[in-house]
Amino acid sequence: SFSWYLMLSAYARNGKFREAKNMFDAMPQRDLPAWNAMLAAFTFTGDLEQSQHFFDRFPQWNLISWTTILVAYAQRDHIQETEQIFHTMPHRDLVCYNAMLAAYARCGYLENARSLFLGMPLRSIISWSTVLTFLAQVGLVVDAINIFKCMPEQDIRSSTAILAAYAKKGELESAKRWFDAMPYRDLVSWTVMLEAYIDCENVSEARNTFGLMPQTDLVSWTTMLAAYAQQGDLDRSKLLFDEAPQRDVISCNAMISAYAQNGRLEEAEEMFNGMPQR
RNA sequence: UCGCGGGGCUUCU
């Protein structure tokens, strides 16, 4: 039998606002998960005002409703509202602590993040990873590695965050050593290694790595595309763009900016005008 | 059943 809810949450997860809204409006009855899924569709659009307005119309709220709206503010860097929500919501669980922690991290609030982390009643691997990633992203790789050694279990996302930090600092040797020592590598860690070579302007090693990757996706293709563009190798950029598994707004923007960077303004404009929307 | 952490263009860093 047909499930309204499954359709609604599928649309919401894929950012199909209009379709989600149609489902929501047509549902014979709406339970709290349905309201929450619809709220997620609102927040996905990035329109905080509409999201808040919708949130205010809820017949009731649960932790998930509160956390969804909290994350919406956090993702737009409205840290004050995020904090306010965090403190006014009736209960806080681990997910919501993690979301607040990530919000501080996004804004670079090291002290707030630290004291929240230390004061947390419970920590999950995500709490540890959030703090580790924060330290790694601000260049405190040694501290990040200390966290890595202390955490109860070490996962690939934390490991990749450290790899990314090495890449960002231009420490290619350390990056490669870390990469090779990882218990296993996934698409993201391979792509970060690719970035490491690119950041050191070692595009030929990046090309080798790209060829060695067990899987690739639109992100890794776009990474290579941008790398070639930076070298002024527009032909290879265009080739990757044309043969990429898919296209999205970011890969189109990357191609447009590839043309623009290299003074090929007519082609840039042509692509820009040919884009689906905006 | 629904909410949190790692990779690509652009802005910030």
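Values below: every heavy atom of this structure, side chains too, minus hydrogens, waters and symmetry copies. The structure displayed is predicted, hence computed values, not measured ones. Letters A, B, ... mirror the listed sequences (proteins, then strands); counts begin at 1.
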Side-chain donor-acceptor pairs under 3.5 Å in residues 15-23 of chain A, sequence neighbours left out?
from, atom 1, to, atom 2, distance (Å)
A/K21, NZ, A/D25, OD1, 3.1
A/K21, NZ, A/D25, OD2, 3.0
A/N22, ND2, A/R18, O, 3.4

### Summary
With sequence neighbours left out, the residues meeting side chain to side chain donor-acceptor pair (under 3.5 Å) with A/Y228 are A/R207
### Message
Under the rule for salt bridge (Lys or Arg N to Asp or Glu O under 4.0 Å), what residues qualify as partners of A/D155, not counting sequence neighbours?
### Response
none
### Summary
Each base of RNA chain B marked ( ) or [ ] if paired in-strand (Watson-Crick or G-U under 3.5 Å), | if paired to another strand and . if unpaired gives .............
### Task
Report the residues that fulfil side chain to side chain donor-acceptor pair (under 3.5 Å) with A/Q231, sequence neighbours left out, ordered by chain and then residue number.
none
### Task
Ignoring hydrogens and angles, state whether a donor on the side chain of A/T88 or A/W66 is under 3.5 Å from an acceptor on the partner side chain.
no
### Message
Expressed as a whole number of angstroms, how long is the span from A/L32:CG to B/rU1:P?
### Response
15 Å
### Message
My understanding is that only residues two or more places apart in sequence, or in another chain, count here; which of them pass salt bridge (Lys or Arg N to Asp or Glu O under 4.0 Å) with A/D56?
### Response
none
Side-chain donor/acceptor pairs under 3.5 Å, residues 132-154 of chain A, sequence neighbours excluded:
from, atom 1, to, atom 2, distance (Å)
A/T133, OG1, A/S129, O, 2.7
A/Q154, NE2, A/F148, O, 2.9

### Summary
Contacts of A/R106 meeting salt bridge (Lys or Arg N to Asp or Glu O under 4.0 Å) (sequence neighbours excluded), chain-then-number -> A/D77
### Summary
In whole angstroms, the gap separating P of B/rC4 from CD1 of A/I64 amounts to 10 Å
### Interatomic distance where CG belongs to A/D31 and P belongs to B/rC2 [whole Å]
12 Å
### Task
Go through residues 38-62 of chain A and report each residue with a non-hydrogen atom lying under 4.0 Å from RNA chain B, sorted by number.
none
### Query
Taking only residues two or more places apart in sequence, or in another chain, which ones meet A/N273 in a side chain to side chain donor-acceptor pair (under 3.5 Å)?
none
### Message
If I take atom OH in residue A/Y109 and atom C1' in nucleotide B/rU13, what distance separates them, rounded to the nearest angstrom?
### Response
14 Å
### Query
Taking only residues two or more places apart in sequence or in another chain, which ones pass side chain to side chain donor-acceptor pair (under 3.5 Å) with A/Y104?
A/E83
### Summary
For nucleotides 5-11 of chain B, 5' to 3', base contacts (B), sugar-phosphate-only contacts (S) and non-contacts (-) with protein non-hydrogen atoms under 4.0 Å give BBBBBS-
